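What you see is a predicted model; the values in this text were computed from it and never measured. Just so you know, residue 1 is the first one in the sequence shown, and it goes up from there.
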Amino acid sequence: MGRYIGKRIGQAVLVLLLVSIFTYLLTYMMPGDPVYAMLGGDITQEQYDIAYEKMGLEDPIPMRYARWLFGFVTGDWGDSYKYSQPVLELMGERLPVTMYLGLWSIIISTLAGILLGVLCGTHRGKTIDSVLITCANFGSVIPAFWLAVLGMYIFSLKLGILPSHGFVLPTEGVADSLKMSVLPLIALSVGGIGGTTRQMRSGMLDVIRQDYIRTARSKGLKESKVVWRHAFRNAVLPVVTMTGMSFRNIVAGAVSIEQIFSIAGMGSLLINSILSKDVAVVQACIMMIAIVVVLSNLAVDVCYGVIDPRIRVE
């Protein structure tokens with residue numbers, strides 16, 4: 001197991017290194033001049049040259065990349081000229097909001113999807129299966145932004161029972177945080193619940209027809225024990241993969257939701273920074289997304305090795 005994990009960690013480090021190279025190169029290929037984006041167009045040539053030199057743009061690209069990578073690893077992520085504060089400090093304010101909503105949406109969609117999928121798989125062809133799988137198919141194709149707008153219209157504008165904008169973490173007020181979390185979490189979770197339900201149902205239907213399941217039943221084991229002890233462990237493997245993939249959508253999926261509900265998170269930060277060509281913030285956001293994706297994939301690989309020991313044999 002140690003060798004298996006070590007190999008996966010080595011691959012993760014290599015992926016992050018490659019992503020850092022492409023991130024640095026692509027951000028400087030963005031259209032527009034970073035100096036003019038920072039200071040505006042009404043500056044003198046002397047002011048331009050001073051800012052150009054201060055940003056280190058006169059150095060060769062490999063030297064600039066090495067300096068940026070060293071700073072990123074040591075915690076010096078530069079300064080945001082749009083927000084006039086260090087990028088690390090800015091990320092410290094925005095990242096917890098996005099991660100809080102994203103992690104809760106993953107937990108809700110995974111747990112609800114697994115339970116509904118098992119229920120569908122063990123009641124194949126019955127009314128409950130038909131109703132749940134129809135709802136799951138419908139939920140998995142609904143755009144999150146449309147669901148957010150619909151929820152805002154019904155529960156905020158018409159009924160007036162939930163706030164239509166803003167968000168605070170529980171540390172700033174549990175009651176306010178719960179109220180402000182309901183609509184964003186519904187919008188972020190419905191699609192995941194639908195997808196996980198379908199995946200879990202397919203896995204259960206495939207596993208439950210296996211010979212070892214029939215053997216377990218022939219021994220007189222309770223149906224609940226057959227389902228949760230024998231069938232569930234193998235049927236859940238595809239869901240583990242789907243859950244790991246959901247982590248890469250924490251920021252990407254939050255972009256539209258944060259814009260709709262005026263939530264100051266990573267998604268809105270990334271969009272605003274791209275539009276204003278705030279290079280340091282864009283680089284930090286992309287690298288943070290890459291780190292989340294790589295760590296989630298690493299966690300999925302480790303979970304695979306724990307759930308099915310055969311995967312560790314390479």
Check: Given side chains that start at C-beta, do those of Met200 and Val118 come closer than 4.5 Å, heavy atoms only?
Finding: yes
Next item on the list: Answer whether the closest heavy-atom distance between the side chains of Ser189 and Trp104 falls below 4.5 Å.
Entry: no
Checklist line | By side chain to side chain donor-acceptor pair (under 3.5 Å) - contacts of Ser181 (at least two apart) | finding: none
Margin query: Looking at Ser80 and Val87, would you say the former's side chain and the latter's main chain have a donor-acceptor pair under 3.5 Å?
Written below: no
Note to self: Could you check whether any side-chain N or O of Asp206 sits under 3.5 Å from a backbone N or O of Ser202, counting only pairs where one atom can act as donor and the other as acceptor?
What the structure shows: no
Margin query: For the backbone of Gly265 and the side chain of Arg94, can you confirm whether one donor and one acceptor N or O come within less than 3.5 Å of each other?
Written below: yes
Note to self: To the nearest 0.5 Å, what is the distance between CD on Glu89 and OH on Tyr83?
What the structure shows: 13.5 Å
Checklist line | Flag, side chain of Thr122 to backbone of Leu119, donor-acceptor distance under 3.5 Å | finding: yes
Notebook entry, point to check: Mind checking whether Leu185 and Leu150 sit in one hydrophobic cluster, side chains of I, L, V, M, F, W, Y counted as touching below 4.5 Å?
Noted result: yes
Item checked: Minimum side-chain heavy-atom gap Phe261-Met180 below 4.5 Å -> no
Checklist line | Sub-4.5 Å side-chain heavy-atom contact between Leu17 and Leu69 | finding: yes
Checklist line | OG1-CG distance between Thr98 and Leu103, expressed to the nearest 0.5 angstrom | finding: 10.5 Å
Margin query: Quick check: do Leu178 and Val174 have side-chain heavy atoms less than 4.5 Å from each other?
Written below: yes
Margin query: Is there a path of hydrophobic side-chain contacts, each under 4.5 Å between heavy atoms of I/L/V/M/F/W/Y residues, joining Ile133 to Ile114?
Written below: no
Notebook entry, point to check: Going hydrophobic residue to hydrophobic residue with side-chain gaps under 4.5 angstrom, can you get from Val131 over to Phe138?
Noted result: no
Margin query: By the ring-ring contact (aromatic ring centres under 6.0 Å, His included) test, which pairs, at least two apart or in different chains, include something from residues 149-190?
Written below: Tyr100-Phe167
Check: With the 4.5 Å side-chain cut-off for hydrophobic clustering, are Val73 and Leu14 part of the same group?
Finding: no
Notebook entry, point to check: Closest approach of Ala12 and Val294, non-hydrogen atoms and distance?
Noted result: CB-CG1, 3.2 Å
Check: Going by heavy atoms in the side chains, are Arg201 and Arg124 under 4.5 Å from each other?
Finding: yes
Note to self: I'd like to know if the side chain of Thr110 reaches the main chain of Ile106, judged simply by a donor and an acceptor atom lying under 3.5 Å from each other, with no hydrogens or angles considered.
What the structure shows: yes
Next item on the list: Have a look at Cys285 and tell me which of Leu269, Asp278, Ile271 forms a side-chain contact (heavy atoms from CB on, under 4.5 Å) with it.
Entry: Leu269
Next item on the list: Report yes if the side chains of Ile263 and Leu101 come closer than 4.5 Å at any heavy-atom pair, otherwise no.
Entry: yes
Next item on the list: State yes or no: do Ile142 and Phe145 share one hydrophobic cluster built from I, L, V, M, F, W and Y residues joined by side-chain heavy-atom distances below 4.5 Å, directly or via other members?
Entry: yes
Note to self: Measuring from atom CG of Leu157 to atom CG of Leu162, what distance do you get when rounded to the nearest 0.5 angstrom?
What the structure shows: 11.5 Å
Item checked: Interatomic distance, Met288 atom CE to Met91 atom CE [nearest 0.5 angstrom] -> 4.0 Å
Check: Rounded to the nearest 0.5 Å, what separation is found between the OG1 atom of Thr23 and the CH2 atom of Trp68?
Finding: 6.0 Å
Next item on the list: Keeping the roles fixed (side chain from Ser177, backbone from Val168), state whether a donor-acceptor pair exists under 3.5 Å.
Entry: yes
Margin query: I'd like to check the side chain to side chain donor-acceptor pair (under 3.5 Å) partners of Ser140; sequence neighbours left out, ordered by chain and number.
Written below: Arg198
Notebook entry, point to check: Nearest 0.5 Å, what's the CZ-CD1 distance between Phe22 and Ile286?
Noted result: 13.0 Å
